[in-house]
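Any value given below was found using the heavy atoms of this structure, including those in side chains, with hydrogens, waters and symmetry copies removed.
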There are 2 protein chains.
Amino acid sequence: MYEPTGLRARKKQRTHDAIADAAVSLFLEHGFDRVSVNDIAAAAEISKPTLFRYFPTKEDLVLHRFKDHQGEAARVVRDRAPGVEPMTALHRHFRAGLDRRDPVTGLNDHPEVVAFHRLVFGTPSLAGRLARYRLEDEEALADALGEGIEARLRAAQTLAVLQVLARANWQRIAGGRTAGDVHPEAVADADLAFGRLR
Amino acid sequence: MYEPTGLRARKKQRTHDAIADAAVSLFLEHGFDRVSVNDIAAAAEISKPTLFRYFPTKEDLVLHRFKDHQGEAARVVRDRAPGVEPMTALHRHFRAGLDRRDPVTGLNDHPEVVAFHRLVFGTPSLAGRLARYRLEDEEALADALGEGIEARLRAAQTLAVLQVLARANWQRIAGGRTAGDVHPEAVADADLAFGRLR
DNA sequence: CTTACTCGGTTGCTTTTTTAACCGAGTAAC
DNA sequence: GTTACTCGGTTAAAAAAGCAACCGAGTAAG
């Protein structure tokens, strides 16, 4: 269990971050469709093929931030402590996300995060790909929950709930309120939603 | 007459500078012999073979600054305007160097330059290589001045004069005086030396 | 006298990056 | 309806960089 911290790995990490940072900042400034991959490569001082070696598509330049959370629900269920119900584990996990203002919960009022959110959901192709990611998440969660149609239904309902909760939080933030102000309602919403889910 | 300003060239230039800067600053801090090429490579965040791809020897990490001036005297003579005597061209060139405080004239009191000077002439292996560079300069200047033993003698005397002038200036600066203060004497010395040379 | 360092410098092999050219789809000009 | 763009994305070849292992000389310990 060793991670190579050689020059190669370090420079790769830096290149990756340089590309992602250049891309997001250009997208936020001009909009996703008005920035070409050539512009990004130039800003990051790398060539176009190199850009595509780090990110398979233009959309991934934005969506890679969600990739870290890919399959998270399934993982939470699979790694839960013995004796804990799946829905309880997911509830606690979401609650912890709220407490630490994890952007995926929608409860984060940093200007960058809000602008990033607006970028993603204001760009159809990005929102579309995000929806497809959810389908994969659903499948993975279904597998973690068991077999058959019942597991699938519960997985679909769970992810739907998570999305509604996050969206509700985000809309409140977008309305001008602070994360700290919204937090109690967000917790209450989550309690209610997960209670109903059980 | 176009210079390729692609990514490749730009990054090469940056790597070159990063290595040279890291090396000189480490040398100034700890001394030439107490810094290994491994230390320099680590500080510049490159591998050892890469370092030697940019600089053939450890000494060149310091002396590359003089390489820019390699063969300068010969060039000045060869490119002089028609009707101008070789020694006159060299005299004017040196005088111009004094006016712009070119470090090779010794008339520069920037702390970095002084420290660098002390580094070079306080390290035997470096001073030695620098002397060998002078021999090449002499040959080139001799070729520019003509053929036969006479041209060689004039070349040798000329470079000797240049070195004496620079060393005199440097010693005055090392004594604590400023470049502006020393400048008139440096000009007078040069006038005298080149007058005698003709 | 061996053993085991360190240091300047090199060698071969692999990985990464650049370059220039290309593809297919869209789109504006004439 | 062709021409000539631009854009997302790919390909092949060549340059550059990383890595590990080595060489030969020096040097200190036992």
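Here Lys11(A) does not reach the OP1 or OP2 of dT16(C): none of its side-chain N or O atoms lies under 4.0 Å away. For Ser47(A) and dT18(C), the shortest distance from a side-chain N or O to OP1 or OP2 is below 4.0 Å. Note on Tyr54(A): every side-chain N or O is 4.0 Å or more away from OP1 and OP2 of dT16(C).
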task: Go through the steps for Phe66(B) and Val120(B) under the test side chain to side chain contact (heavy atoms under 4.5 Å, CB included), then give the verdict.
output: CA-CA 11 Å; Phe66(B) 295 93; Val120(B) 172; 4.2 Å; yes

- request: Would you please test Thr88(A) and Arg198(A) for side chain to side chain donor-acceptor pair (under 3.5 Å) and show each step?
  value: CA-CA 9 Å; Thr88(A) 306; Arg198(A) 265 181 286 253; 3.1 Å; yes

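Annotation: cation-pi geometry not satisfied between Lys58(A) and Phe27(A) (NZ/CZ under 6.0 angstrom from ring centroid, within 45° of ring axis).
Taking atom NZ of residue Lys12(B) and atom C1' of nucleotide dT19(C), one finds them 14 Å apart after rounding to whole Å. For the pair Gln13(B) CD and dT18(C) P, the interatomic distance rounds to 16 Å; values are reported in whole Å. The separation between Leu7(A) atom CG and dA20(D) atom C1' is 13 Å, rounded to whole Å. If you measure from atom CZ of Arg14(B) to atom P of dT17(C), you get 15 Å, rounded to the nearest angstrom.
Judged purely by distance below 3.5 Å, without hydrogens or angles, the side chains of Asp60(A) and Thr57(A) pair a donor atom with an acceptor atom.
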Scan nucleotides 5-12 of chain C against the protein and return all N/O pairs shorter than 3.5 Å with their distances rounded to 0.1 Å.
from, atom 1, to, atom 2, distance (Å)
dG8(C), OP1, Lys58(B), NZ, 2.6
dG8(C), OP2, Val37(B), N, 2.9
dG9(C), OP2, Lys58(B), N, 2.5
dG9(C), N7, Lys48(B), NZ, 3.1
dG9(C), O6, Lys48(B), NZ, 2.5

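Between Phe121(A) and Trp170(A), the two ring planes are tilted [angle within 30° to 60°].
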Under 3.5 Å, sequence neighbours excluded: what are the donor-acceptor pairs made by side chains of residues 185-196 of chain B?
from, atom 1, to, atom 2, distance (Å)
Glu185(B), OE1, Arg172(B), NE, 3.1
Glu185(B), OE1, Arg177(B), NH1, 3.4
Glu185(B), OE2, Arg177(B), NH1, 3.3
Glu185(B), OE2, Arg177(B), NH2, 2.4
Asp189(B), OD2, Arg172(B), NH1, 3.2
Asp189(B), OD2, Arg172(B), NH2, 2.9
Asp191(B), OD1, His91(B), NE2, 2.8

